[in-house]
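What follows is one structure encoded as structure tokens, with my remarks underneath.
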Amino acid sequence: MPELPEVETTRRGIAPALEGRTIREVRVRERRLRWALPRGFEAELAGRRVLDVGRRAKYLLVRTDAGTLIVHLGMSGSLRVLPADTPALAHDHVDLVLDSGACVRFNDPRRFGSMHFVAGDPHEHKLLRTLAPEPLSDAFDGARLHARARRRKVAVKLFLMDARTVVGVGNIYASEALFRAGVSPRRAAGRLSREACERIAKAVKDVLADAIRVGGTTLRDYVNADGMPGYFRQKLYVYERAGEPCRVCGTPVRHCVQGQRSTYWCPHCQK
DNA sequence: ATGGGCACCTGGCTGC
DNA sequence: TGCAGCCAGGTGCCCA
């Protein structure tokens with residue numbers, strides 16, 4: 001489900017409800033997330049005051065006065081802000097009940113999402129330590145892309161989705177960024193010119209920023225903290241548009257599978 | 001190191 | 001109507 005724009009939209013939605021609040025109670029209905037929540041998870045979090053809510057790649061970082069809650073939404077997860085007495089529905093696995101009377105509720109049908117509460121610097125956590133730069137930062141640019149792509153045989157789409165290349169680019173935005181850059185998703189990363197890498201880096205930044213602006217992409221179940229979908233789906237050029245005419249040139253959009261994931265591209269606009 | 005594939009899990013849709 | 005089969009916004013880990 002969520003790629004960087006959806007996670008960032010969620011961050012912006014939950015931050016006002018969490019920041020400065022104390023977590024009064026933690027309700028866990030299902031511990032078996034991607035990694036089972038340890039015994040003592042609730043006790044460690046309860047009573048903590050939230051300082052701020054950050055993000056690294058697709059991880060949300062709820063920083064408290066005594067540790068950081070690291071949340072990943074997996075494929076189907078969402079966090080919503082609700083009145084604490086709202087009855088729980090299917091797949092409502094965890095509630096953070098706040099002293100304001102609100103709660104932040106984690107729902108995740110497929111349970112690929114995760115939560116970790118860690119003391120100390122969350123960026124040193126095993127899951128975050130080796131991540132590439134943020135796509136919207138200056139540390140990610142065409143030069144870095146070009147340097148890292150040298151001699152790599154992987155298809156550029158898989159290369160872009162590798163969190164050691166750049167973070168936050170998932171299956172939708174990889175296809176969309178390559179369309180905007182005019183580069184075929186099947187090109188070997190090592191055969192990209194410096195100019196192509198510059199176009200790709202710019203396209204990644206642009207497509208993510210554009211998606212954040214309209215609250216991300218909802219294909220099936222993504223909702224933001226207010227339960228609302230994102231509206232970027234209407235702006236997708238190729239994703240899930242196999243056989244439909246390219247919005248630029250009219251050529252039917254093509255589909256293939258790379259790394260067991262669907263890829264979409266226009267054979268005329270992308271070389 | 002790199003590349004390729006599997007695993008984790010539920011639900012919705014398609015086609016017989 | 002029922003059900004098998006396939007697909008889905010991610011990513012850690014195992015193998016060659």
Side-chain angles (χ1 to χ4, degrees), chain A residues 1-11 29-37 55-60 70-79 89-93 106-116 125-132 135 147-177 186-191 204 207-208 210-212 214-224 228-242 255-264:
Chain A
M1 109 178 257
E3 302 184 38
L4 187 146
E6 295 74 41
V7 177
E8 177 60 21
T9 299
T10 296
R11 187 193 70 76
R29 300 182 194 81
E30 175 58 83
R31 319 191 75 81
R32 296 173 302 164
L33 307 184
R34 175 154 196 199
W35 291 282
L37 296 177
R55 179 187 59 72
R56 174 75 173 104
K58 297 172 192 166
Y59 293 94
L60 289 163
I70 303 174
V71 183
H72 198 289
L73 301 178
M75 287 280 263
S76 57
S78 61
L79 286 170
L89 301 176
H91 313 299
D92 283 341
H93 304 315
F106 177 68
N107 178 286
D108 185 8
R110 292 176 72 180
R111 286 191 276 123
F112 288 172
S114 64
M115 290 192 181
H116 296 269
H125 188 271
K126 187 182 178 202
L127 294 173
L128 308 194
R129 209 167 38 202
T130 59
L131 294 174
R148 291 199 63 93
R150 264 170 62 91
R151 287 191 291 268
R152 293 291 306 275
K153 291 179 182 173
V154 273
V156 58
K157 189 216 177 198
L158 297 177
F159 177 68
L160 269 188
M161 290 176 68
D162 185 337
R164 291 164 301 185
T165 303
V166 62
V167 299
V169 181
N171 205 38
I172 298 177
Y173 300 110
S175 281
E176 292 297 311
R186 304 207 277 193
R187 282 262 294 276
R191 302 194 60 180
V204 165
V207 74
L208 295 178
D210 288 352
I212 290 170
V214 295
T217 301
T218 297
L219 295 175
R220 286 160 261 278
D221 35 29
Y222 171 74
V223 289
N224 67 17
M228 299 296 289
Y231 298 104
F232 197 70
R233 190 175 191 177
Q234 306 156 227
K235 310 217 178 172
L236 298 175
Y237 283 97
V238 289
Y239 192 81
E240 283 196 335
R241 295 195 62 242
H255 168 265
C256 72
V257 174
Q258 296 179 290
Q260 301 106 240
R261 315 293 300 278
S262 278
T263 296
Y264 302 86

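Numbers restart at 1 for each chain; the letters A, B, ... are given by sequence-line order, proteins then strands. Atom set for the values below is all heavy atoms of this structure, side chains included, hydrogens, waters and symmetry mates excluded.
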For A:Arg29 and A:Asp92, indicate whether the former's side chain and the latter's backbone hold a donor-acceptor pair under 3.5 Å. yes
Assuming nearest nucleotide by heavy-atom distance, tell me which of A:Arg220 and A:Leu131 is located more 5' along DNA chain C. A:Arg220
Going by atom types alone, do A:Ser76 and A:Asp108 pair a side-chain donor with an acceptor below 3.5 Å? yes
Between A:Glu240 and A:Arg220, is there a salt bridge with N-O shorter than 4.0 Å? yes
Expressed in whole Å, how much space separates the P atoms belonging to B:dC9 and C:dC3? 23 Å
Grab the CE-P distance between A:Met115 and C:dG10 for me, whole Å please. 19 Å
A:Leu160 CG to C:dT11 C1', in whole Å, measures 16 Å
Apply side-chain hydrogen bond (donor to acceptor under 3.5 Å, both in side chains) to A:Glu8 and list each qualifying residue two or more places apart in sequence or on a separate chain. A:Arg11, A:Arg12, A:Arg55
Between atom CG in A:Leu219 and atom P in C:dG10, what is the gap in whole Å? 10 Å
Let me have a per-nucleotide readout for nucleotides 3-13 of chain B, 5' to 3', with B, S or -, counting only protein heavy atoms under 4.0 Å. S-BB-BBBS--
Does one side chain, of A:His255 or A:Ser262, offer a donor that lies under 3.5 Å from an acceptor on the other? yes
A:Tyr264 and A:Ser175: which non-hydrogen atoms are nearest, and at how many Å? N-OG, 3.3 Å
For the pair made of CZ in A:Arg150 and C1' in B:dA1, what is the distance, rounded to whole Å? 15 Å
Whole angstrom value for the distance that separates C1' of C:dA8 from CD of A:Glu3: 12 Å
A:Tyr231 versus A:Thr218, side-chain donor and acceptor atoms under 3.5 Å: no
Can you name the closest pair of heavy atoms from A:Thr263 and A:Gln258 and give their distance? OG1-OE1, 2.7 Å
Can a side chain N or O of A:His72 be found less than 4.0 Å away from OP1 or OP2 on C:dT11? yes
Rounded to whole angstroms, how far apart are NZ on A:Lys126 and P on C:dT11? 15 Å
Heavy atoms under 4.0 Å, any strand shown: does A:Phe232 hit a base, just sugar-phosphate, or nothing? nothing
A:Trp35 CH2 to C:dG10 P, straight-line distance once rounded to whole Å: 14 Å
Tell me whether the rings of A:His116 and A:His125 are parallel (<30°), tilted (30 to 60°) or perpendicular (>60°). tilted
What stems show up for DNA chain C when you take Watson-Crick pairs (N1-N3 plus N6-O4 or O6-N4) and G-U wobbles (N1-O2, O6-N3), both under 3.5 Å, and require three or more consecutive pairs? B:2-8 with C:10-16, B:10-16 with C:2-8
In whole Å, what is the span from the CG atom of A:Leu128 to the P atom of C:dT11? 11 Å
